[in-house]
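Computed from a prediction, not measured in an experiment: that's the story for all the values here.
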Amino acid sequence: MSVASSVDSSGASGLSFFERHEFLIRRLHSLSGLIPVGAFMVVHLTVNASVLNGPETFQENVYSIHALGKILPLVEWVFIFLPLLFHAAVGVWIITTGKPNTSPYAYGANIRYTLQRATGMIALVFILYHVYHQHGWLHMQWWLDLIEQFGGHQFRPYNAPSTAGASLQNPIIIAFYALGVTASVFHLANGIWTMGITWGAWTSPKAQRNALYVCGVFGAALLVVGLSALGGMVAVGSGEGFENARQVEDKMFESKVEQGLVDPNSHKKAHEEPPGEGEAE
């Protein structure tokens, strides 16, 4: 064996798993950010925004999702949670090993580089909180009963508009959701642009400028959808909006029970009253 090959071999053996497979991992990371994670976020925000058409529209969309029944957790883990965990883990590794160059050369590309990583971390914290806040992370009843006392597991699928809205009456939580949605949308829109460069979809300066414009318009439109969804949820979370939503939900639930589509004693049904006006959850 030559000295050069010996050095190469010893050098390679000292690399971490990520370093040895960096090319493939980075491309899988960028791909997972678009499909399925990014695609799910677009669908999720769009479905949530359907509350603007009335609580019955949003509730019907939630019933359609939960019609998957027992395979719903499998679908969630395979197509949402596992890809999201992979994307987040690799993203943290990229952030901790990256070396941005914004101080001496604060050009747009370098600023977006930094914002991409900053919004990624904000989005990660927001998503972890959002899943805890609405769904409780783990579907084990003893755990859900415990964390409800600490503001977790507020969402009930068969009372989707009212429970989601009631959980969003605290101004601090509303502000955090607005920040989280904004960070997530920027991270996706800018990530699509950088993904196009990584995968060679747009390589020339002109193509990159055009793609940046398209991604910017897409991001702005999606942000409007996301913040509108947040505002719509807040509106049905208290007062007359809450009462109207509950009436709609109860009628739809009774209809589903009569059709034999849902269990009349389902744990997915809520019975709590709305929080007081201006009262924190």
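The two residues L128 and W137 make their nearest non-hydrogen contact at O-NE1, 2.9 Å. The shortest heavy-atom contact between A183 and I122 is CB-CG2, 3.6 Å. In terms of heavy atoms, S184 sits closest to A123 at OG-CB, 3.5 Å. N244 and P55 get closest at one heavy-atom pair: ND2-CG, 3.9 Å. Between A270 and N159 the shortest heavy-atom distance is N-OD1, 2.7 Å. F126 approaches G180 most closely through the heavy-atom pair CG-CA, 3.5 Å.
The aromatic rings of W77 and F81 sit perpendicular to each other, their planes meeting at more than 60°, with 30° as the lower class boundary. Between F176 and Y129, the ring planes lie perpendicular to each other; the angle is over 60°, past the 30° to 60° tilted range.
Rounded to the nearest 0.5 angstrom, F40 CZ and I80 CD1 are separated by 4.0 Å. Note: T163 OG1 to R156 CZ = 7.0 Å, rounded to the nearest 0.5 Å. Rounding to the nearest 0.5 Å places NZ of K256 at 14.0 Å from NZ of K269. The line from CZ of F186 to CZ of R112 is 7.5 Å long, rounded to the nearest 0.5 Å. For the atom pair CG (L223) and CZ (F218), the distance works out to 11.0 Å, reported to the nearest 0.5 Å. Taken to the nearest 0.5 Å, the CG atom of L52 stands 10.5 Å off from the CZ atom of F58.
Atom CZ of F86 sits in a crowded spot, with more than 12 heavy atoms from other residues, nucleotides or ligands closer than 6.0 Å.
Between the side chain of T114 and the backbone N or O of N110, at least one donor-acceptor pair lies under 3.5 Å. Side-chain N or O atoms of E76 include none that pairs as donor or acceptor with a backbone N or O of L74 at under 3.5 Å. Remark: side-chain polar atoms of Q154 are not paired, donor with acceptor, to backbone N or O of Q134 under 3.5 angstrom. Under the 3.5 Å distance criterion, the side-chain polar atoms of Q59 are matched with a main-chain donor or acceptor of P157.
Checked against a 6.0 Å centroid threshold, the rings of H135 and H153 do not count as neighbours.
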One pair to check against side chain to side chain contact (heavy atoms under 4.5 Å, CB included): V90 and L28. What are the steps and the verdict?
CA-CA 9 Å; V90 176; L28 289 176; over 6 Å; no
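At a threshold of 4.5 Å between non-hydrogen side-chain atoms, the residues H133 and Y177 count as touching. With contacts defined as side-chain heavy-atom distances shorter than 4.5 Å, the pair L222/L188 qualifies. V236 places none of its side-chain heavy atoms less than 4.5 Å from the side chain of F242.
A donor-acceptor contact under 3.5 angstrom links the side chains of E249 and S162, judged on distance only.
The cluster map of Ile, Leu, Val, Met, Phe, Trp and Tyr, joined by side-chain heavy atoms under 4.5 Å apart, puts F150 and L138 in the same cluster. Under a hydrophobic-cluster definition in which Ile, Leu, Val, Met, Phe, Trp and Tyr are linked whenever side-chain heavy atoms come within less than 4.5 Å, directly or via other members, L212 and L115 are assigned to different clusters. When the side chains of ILVMFWY residues are joined at heavy-atom separations under 4.5 Å, either directly or via intervening members, W142 and L144 end up in a single hydrophobic cluster. Transitive grouping of hydrophobic side chains (ILVMFWY, heavy atoms separated by less than 4.5 Å) keeps L68 and M252 in distinct clusters. Both F155 and L45 belong to a common hydrophobic cluster when Ile, Leu, Val, Met, Phe, Trp and Tyr are linked at side-chain heavy-atom distances under 4.5 angstrom.
Cation-pi check for R117 over Y113 is met; the charged atom lies under 6.0 angstrom from the ring centroid and within 45 degrees of its normal.
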